[in-house]
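Everything below concerns the one structure shown next.
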Number of protein chains: 2
Amino acid sequence: MAKLGPSIDELISALRCLPGVGPKSAQRMTFHLLERNRDGAQRLVQALSHALDNVKHCQRCRILSETELCSRCNDDRRQQDILCIVEMPSDVLAIEQATQYQGQYFVLSGHLSPLDGIGPDALGIPKLIEWLDKNTIEEVILATNPTIEGEATAHFIGELARTRNIKVSRLAHGIPLGGELEFIDSSTLSHAFSGRESL
Amino acid sequence: MAKLGPSIDELISALRCLPGVGPKSAQRMTFHLLERNRDGAQRLVQALSHALDNVKHCQRCRILSETELCSRCNDDRRQQDILCIVEMPSDVLAIEQATQYQGQYFVLSGHLSPLDGIGPDALGIPKLIEWLDKNTIEEVILATNPTIEGEATAHFIGELARTRNIKVSRLAHGIPLGGELEFIDSSTLSHAFSGRESL
Ligand SMILES: [Zn+2]
Ligand SMILES: [Zn+2]
């Protein structure tokens, strides 16, 4: 597309790893960074490089974390016997912002998708099973997205919990079908969360 | 907003230097990069860092370039006596893609904007005057954006050319008012370009 030299073309191409960025906006971003905001670009290099080196996953709940255990898993004041299962780290933030929930989380980092080769192992299910077996969990809240894949994943995990005699709930209706959790407004999400239904 | 640790928060904040990226998409990009595409993120670090080190401006037309003179300025086969003035490097690419133009370019990297302290010097006008004085230029094509600032800038440069007895033209009507050149479809732009009007 562009013909401005290899470094510029490579930058345009590399920017396309960002979600929602097509060739046109990648080009626009490249010109903006090199033409108008080199300080910002330099800061982005540092921040991204630093994050890549330092951000891992919490050993317990699998959320992105700079420490072995994330701040929530390290917080003894949170309820230990209730566990909320989400697909993405952003879902944790959305629930924390919208609700009074003070229990534990488990981040799948995706949903079951056999066609893409994403099975239980990739979602950390063995670690989740260990958690359910080694701790006293009263309730598992299934807060995966209300998509076909999210429902299938919830069903799968629900069965794991039920066979261990753990109460299983799912976020209440009110979340639009096919919607993604992180884009739902806080009040809808809060309503759906507190009105969660036993499965 | 987020509470995931300083490295993650800093990355979210740094991504906002990208045009059109608000807090929500910066967070989304951060999770995507760290959770799903670390190879892409690493490539972006390399590409951006390399471009910052290597991409300067062409000494003649001021477009972004890795070499002292850009490929167009180095190309003897292009017409030397016709000069097209644009605001942004992306406008050069848009015109090259849409038209048969084979002349020279001069990139202002913006438009006159006294309130923001952007005067003739910031736009390289002294260099442009030198160009007009030291070379035989038959025509100056004013291809700034059809915005108030773009029109004012075109008027200013048009006067500089006219006092030197150089023919001055402006892209033809057909470009929607208030629009930005790089977002106009190729055929409209091509039409406007070949139908440019003498001023
Ligand atoms: Zn954790
Ligand atoms: Zn040049």
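This structure is a prediction, so every number in the text was calculated from the model and none was measured. Reminder, nothing fancy here: chain letters follow the sequence lines and each chain counts from 1. Side-chain atoms are counted along with the backbone in the values below, which use heavy atoms only and exclude waters and symmetry mates.
- Across B:H32, B:E96, B:K56, B:R36, the residue that shares the most heavy-atom pairs under 4.5 angstrom with chain A is B:H32.
- The side-chain heavy atoms of A:S90 and B:R28, taken from C-beta on, include no pair separated by under 4.5 Å.
- Atom CG of B:D91 and atom CZ of A:F31 lie 9.0 Å apart (nearest 0.5 Å).
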Enumerate, atom names and distances included, each donor-acceptor pair closer than 3.5 Å involving a side-chain atom of residues 110-120 of chain B, sequence neighbours excluded.
{"unit_1": "B:H111", "atom_1": "ND1", "unit_2": "B:E87", "atom_2": "OE1", "d": "2.9"}
{"unit_1": "B:S113", "atom_1": "OG", "unit_2": "B:D116", "atom_2": "OD2", "d": "2.6"}

Could you list the donor-acceptor pairs under 3.5 angstrom formed by side chains in residues 126-133 of chain A, with sequence neighbours left out?
{"unit_1": "A:K127", "atom_1": "NZ", "unit_2": "A:Q59", "atom_2": "O", "d": "2.6"}
{"unit_1": "A:E130", "atom_1": "OE2", "unit_2": "A:K134", "atom_2": "NZ", "d": "3.3"}
{"unit_1": "A:D133", "atom_1": "OD1", "unit_2": "A:R164", "atom_2": "NE", "d": "2.7"}

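- Here the straight-line distance linking atom CG of B:D39 with atom SG of A:C17 works out to 10.0 Å at 0.5 Å rounding.
- Note that OG1 of B:T30 and CG of A:L64 are 9.5 Å apart. Values are rounded to the nearest 0.5 Å.
- Of the listed residues (A:V21, A:I63, A:V55), the one with the most heavy-atom contacts under 4.5 Å to chain B is A:V55.
- Ranked by heavy-atom pairs shorter than 4.5 Å toward chain B, the options A:L33, A:N54, A:V92 are led by A:L33.
- The number of heavy-atom neighbours closer than 6.0 Å to CD of B:E68, taken from other residues, nucleotides and ligands shown, is 12 or below.
- In this structure, the side chain of B:R38 engages the main chain of A:L52 through a donor-acceptor pair within 3.5 Å.
- Considering only residues two or more places apart in sequence or on other chains, A:Y105 meets the ring pair (Phe, Tyr, Trp, His ring centres under 6.0 Å) condition with A:Y101.
- Residues A:P6 and B:E66 approach most closely at N-OE2, 3.1 Å, considering heavy atoms.
- Contacts with chain B (heavy atom to heavy atom, under 4.5 Å) involve these residues of residues 41-51 of chain A, listed by number: A:A41, A:Q42, A:R43, A:L44, A:V45, A:A47, A:L48, A:S49, A:H50, A:A51.
- The 12-atom threshold is not exceeded at CD1 of A:I148, counting heavy atoms of other residues, nucleotides or ligands nearer than 6.0 Å.
- Looking at A:S25, there are no atoms closer than 4.5 Å to chain B (heavy atoms on both sides), in backbone or side chain.
- A:M88 and B:L11 are not part of a single hydrophobic cluster, where members link through side-chain heavy atoms under 4.5 Å apart.
- Other residues, nucleotides and ligands place more than 12 heavy atoms under 6.0 Å from the NE2 atom of A:H57.
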